[in-house]
Amino acid sequence: MKSSVITFPGSNCDRDMDVALKKFGFNNIMVWHNDSELPKSDLVVLPGGFSYGDYLRCGSMASKSKIMQSVINFAKTGGLVMGICNGFQILVETGLVPGVLLRNKYLEFICKNVFVKLNNKDNAYFKNLNKDVLEFHIAHNEGNYFCTNDQLKEIKDNNQIAIYYCNSEGNIDDQYNPNGSIKNIAGIFNKQKNVLGMMPHPERMIDQSLSGEDGSLFFKNLINNIK
Amino acid sequence: MKISAIITLKKDVLDPQGKVIQQALDGMGFKDVDEVRQGKYFEIDVKENDPNKAKEIVEEMCKKLLANLVIENYKIIGTQ
């Protein structure tokens, strides 16, 4: 299984993602933002970080970079594209997934473990996972998911909400919402469910002695789903 | 020709920065403030000398990059 991780100027989770993908069997290639051609891939990942220093709006500059046209075309033909954290911000700026990510409600940079509840398992990312609540890590300043009421209705109608912030039991409540996101939304799909954007970092949960193993579950399952 | 544009948050979008600024103003004794909304200001020097065409170019820039129309509005406020 081949994967590509795009490195933008200011990406800083690209190597972590590379380590995670390789650990679970992907043959991963790092792709520079200024390249125009995407290598043949079963999965493309837009990693976390601070692309272009978060200038203008997080992800806005990166969404216009050369490689993104190929990534957008890849996504539009059904290719799997996953954006984590800054990658999610880039995805919303391309319009591949609806909505936008605003400054966190209390203006704090949040760096901690959170629990997320899977909302939709009928897709390549979460199908066959035997857990409904996963512990991931978040580290962001702009993760406050926002969309218009019309968009919210549409993403609900199309079952596009991927994950919600919750507690360890899977209860979705305002008190477990770290950043003010509408309806505790932590990640969403495009209509076809081949594009996933989420704020939490599964690649930071792939080692029992360092963090946790829920990221390991996610990646193991993902590669099996793609095979 | 220099075109000035401002980008503002739409009415229903939460502006936590504006809120904090308002609280700071309040603490400084400016008690008459109902709300503060923060935005962005751009001054773009384009080669085009026809003001209408120059405005059109900057409008295109606003739509495609400078503003995110899900949450923001843009307005061309001046040419010189």
Side-chain angles (χ1 to χ4, degrees), chain A residues 51-52 54-66 68-69 72 88-110 140-155 160 174 177-183 185 188 190 197, chain B residues 2-28 30 33-48 54-79:
Chain A
S51 59
Y52 294 86
D54 282 347
Y55 291 173
L56 190 64
R57 291 180 309 278
C58 303
S60 63
M61 302 295 183
S63 74
K64 311 292 178 202
S65 60
K66 237 182 186 178
M68 282 312 293
Q69 202 46 57
I72 291 167
F88 184 14
Q89 295 163 343
I90 296 168
L91 281 177
V92 298
E93 284 286 342
T94 61
L96 282 172
V97 293
V100 65
L101 292 146
L102 300 174
R103 278 289 287 274
N104 295 341
K105 193 173 174 188
Y106 300 110
L107 298 171
E108 292 167 314
F109 185 92
I110 307 166
H140 60 244
N141 201 39
E142 284 87 5
N144 179 353
Y145 183 76
F146 177 86
C147 60
T148 62
N149 286 337
D150 291 346
Q151 281 178 319
L152 187 62
K153 187 181 178 306
E154 202 179 325
I155 62 175
Q160 280 172 258
D174 206 33
N177 185 340
N179 53 25
S181 292
I182 280 187
K183 305 280 175 205
I185 291 173
I188 52 167
N190 65 341
Chain B
K2 269 192 190 149
I3 307 290
S4 311
I6 54 165
I7 312 275
T8 51
L9 277 176
K10 285 185 177 169
K11 222 179 95 210
D12 301 336
V13 179
L14 182 77
D15 179 11
Q17 294 179 88
K19 217 169 196 175
V20 169
I21 294 166
Q22 188 206 335
Q23 285 164 6
L25 287 171
D26 189 75
M28 290 162 70
F30 294 99
V33 184
D34 277 337
E35 195 184 20
V36 177
R37 307 280 286 170
Q38 186 180 317
K40 293 173 189 149
Y41 170 73
F42 296 88
E43 219 172 64
I44 301 178
D45 202 346
V46 288
K47 291 202 173 80
E48 180 61 57
K55 265 193 212 170
E56 261 174 43
I57 295 169
V58 173
E59 244 187 78
E60 202 61 18
M61 293 176 189
C62 287
K63 280 184 205 156
K64 287 189 172 160
L65 179 68
L66 303 181
N68 183 328
L69 299 180
V70 177
I71 47 164
E72 294 169 323
N73 292 319
Y74 65 86
K75 196 172 178 189
I76 311 283
I77 54 165
T79 53

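First the proteins, then the strands, lettered A, B, ... as listed; each starts at 1.
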Partner set under side chain to side chain contact (heavy atoms under 4.5 Å, CB included) for Ala5(B), not counting sequence neighbours: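 Val58(B), Cys62(B), Ile76(B).
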Euclidean distance, Leu102(A) CG relative to Leu14(B) CG, rounded to 0.5 Å: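 If I round to the nearest 0.5 Å, the distance is 7.5 Å.
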Portion of Leu65(B) that has a non-hydrogen atom of chain A nearer than 4.5 angstrom: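 Looking at Leu65(B), backbone and side chain both touch chain A.
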Table up the donor-acceptor pairs between chain B and chain A that sit under 3.5 Å, atom names plus distance.
| unit_1 | atom_1 | unit_2 | atom_2 | d |
| --- | --- | --- | --- | --- |
| Gln17(B) | OE1 | Arg103(A) | NH1 | 3.2 |
| Lys40(B) | NZ | Leu56(A) | O | 2.8 |
| Lys64(B) | O | Lys64(A) | NZ | 3.0 |
| Leu65(B) | O | Arg57(A) | NH1 | 3.2 |
| Leu65(B) | O | Arg57(A) | NH2 | 2.8 |
| Leu66(B) | O | Arg57(A) | NH1 | 2.8 |
| Asn68(B) | ND2 | Glu93(A) | OE2 | 3.3 |

